Amino acid sequence: MWDQEVREKLAALRDRSRTRVLTALRKHGVLTQGEVARESGLSRVTASELLAELKASGLVVERGSLSPPTQPGRPPVLLALGEGAGHVLGVDFGHSHVRVAVATLARSIVAERERSFPVDEDAAAALGAAADMVDEALEAAGVDRSGVIVAGVGVPGPLNRPEDTIAAPGIMRGWHDRRISEEIGARLGLPVEVENDANLGALAEHLEGAGRGYANLIYVKASTGVGAGLVVDGRLRRGAIGSAGAIGHTSVDADGPACCCGQRGCLEAFVGGPAILEALRRVHGDRLALADVVALARSGDTPSRRLLNDAGHRIGVVLARSCNLLDPERVIVGGALGAAGDLLLDPIRDEIRRWALPDIARSVTVAAADLGERAELVGALAMVLRMPSEPTARRIDAALTELANRPRSEAAPDGPISAGSDYL
Ligand SMILES: [Zn+2]
């Protein structure tokens, strides 16, 4: 009897230790065996035994070795969660596109889909398109839906998180009064974490793009809509209701045109995609997309260059005020217009020099986004994989624990070392 009790206790202890090993790998992506032991608080011997078991069941795989080696001798092998450990989804709704990606818990993207779509007008249609694209991507990756643990989702409007709605009824008209995460989760059939798209862009650039190493930054998504994400002291700042960074709806002209948010003369009404395309319509017709405007400007088209220059000046004036408020180390400009590079960035730099406090203006650098138009999608994955909320972290760890503690015969077979593209 006593023996039985001891055996059960030891088995439970081993289960918990296994979970700690998997959690350490989830949190850090790749680790050496020594690092796994340290991060999970286990002895090297126990960590080594458990890793051998987990490798045999395919939940942990080797991902090359540390180079250059930190010590003489054989370089330590790097370990990561295997394909069998599960997957997450990223979904990025823009005003005029939907992107989805499937990624492993080891942070490799294994399938990706992109489609132009008028997202704002009809929420049900946009959700349907996203759900179809998720099915396609899962099929392309050969991933069963039951192995998907959670989806990170970006939406192109300021969020009212307590009410789970878009913060102003005119922005994303077709989504008005809808419970955003509830409906997206129900349509995808998955637990979801929803975030404003510019916040996701900020997170992605901070972790893996032009904002790496900068603890204080403003990321601007300049696209169909204009929004910003704020990283302060290394953390994404959402504000009281989740709407921080809505710079597109800062009024720059009290007599300006009415904006979808209900105000007048918003920045977005002047420099958002529709305003730029409308201004170029008489010159280039009405079939132009923002990417065409950027390409035309880069090839020397004077009207397109002028429009981007004017947009840069307008965005720059608003950013100069934001710089005084936040004193960031770096301003990063992404979205479809961000691809214009210095054509858009130089006028932004001019206005920050002109309107921000001189010492703040001298210390801040303005850079183009590294991740381009994929920043928001990468951010959606990074949110659930690298900076998950408590419930998401618990959900992933529970899924890992269940897999790890299954009887061996049911465990996943040895998976191949991931063939996906590393994104983080
Ligand atoms: Zn507005």
Side-chain angles (χ1 to χ4, degrees), residues 92-97 118-123 126 154-178 180 194-202 218-230 237-281 290 293 307-308 310-326 331 333-338 344 347-348 351 355 376:
D92 165 38
F93 288 104
H95 290 292
S96 41
H97 72 256
V119 166
D120 293 356
E121 298 306 316
D122 186 341
V155 292
L159 289 176
N160 181 333
R161 300 179 81 90
E163 294 183 11
D164 195 19
T165 55
I166 298 295
I171 304 172
M172 300 180 71
R173 202 168 306 143
W175 299 63
H176 174 46
D177 270 351
R178 285 176 180 259
I180 302 292
V194 175
E195 184 54 88
N196 166 264
D197 62 347
N199 284 358
L200 293 180
I218 301 175
Y219 168 83
V220 183
K221 182 186 176 194
S223 223
T224 304
V226 178
L230 314 173
R237 295 293 163 173
R238 299 181 168 96
I241 63 163
S243 276
I247 62 164
H249 299 286
T250 301
S251 183
V252 293
D253 178 359
D255 301 317
C259 176
C260 59
C261 73
Q263 306 290 341
R264 285 191 72 170
C266 287
L267 176 65
E268 187 171 300
F270 292 98
V271 307
I276 287 180
L277 296 178
E278 174 59 29
L280 284 169
R281 199 165 59 87
L290 286 181
V293 177
L307 262 290
L308 288 178
D310 289 352
H313 281 289
R314 286 207 187 263
I315 294 170
V317 171
V318 172
L319 278 175
R321 296 174 193 156
S322 311
C323 285
N324 273 359
L325 201 62
L326 292 169
V331 168
V333 186
L337 296 183
L344 186 75
I348 290 177
E351 296 297 346
W355 296 109
E376 285 72 24

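Atom set for the values below is all heavy atoms of this structure, side chains included, hydrogens, waters and symmetry mates excluded. Everything quoted here is computed from the prediction, not taken from an experiment. For ligands, and for the atoms within them, numbers begin at 1 and follow the listed sequence.
Applying the salt bridge (Lys or Arg N to Asp or Glu O under 4.0 Å) test to residues at least two apart or on different chains, the pairs with a partner in residues 237-249 are Glu195-Arg238.
Rounding to the nearest 0.5 Å places SG of Cys261 at 8.0 Å from CD of Glu268.
Listed here is the closest heavy atom pair of Thr224 and Pro274: O-CD, 3.5 Å. The two residues Ile218 and Cys323 come nearest to each other via the heavy atoms CD1-N, 4.5 Å. When all heavy atoms of Phe93 and Ala126 are compared, the closest pair comes out as CE2-O, 3.6 Å.
Protein contacts to the Zn ion (ligand 1) involving N, O or S atoms at a distance below 2.8 Å are His249 ND1, Cys259 SG, Cys261 SG, Cys266 SG.
A salt bridge is absent between Arg264 and Asp253; no separation between the charged side-chain nitrogens and carboxylate oxygens falls under 4.0 Å.
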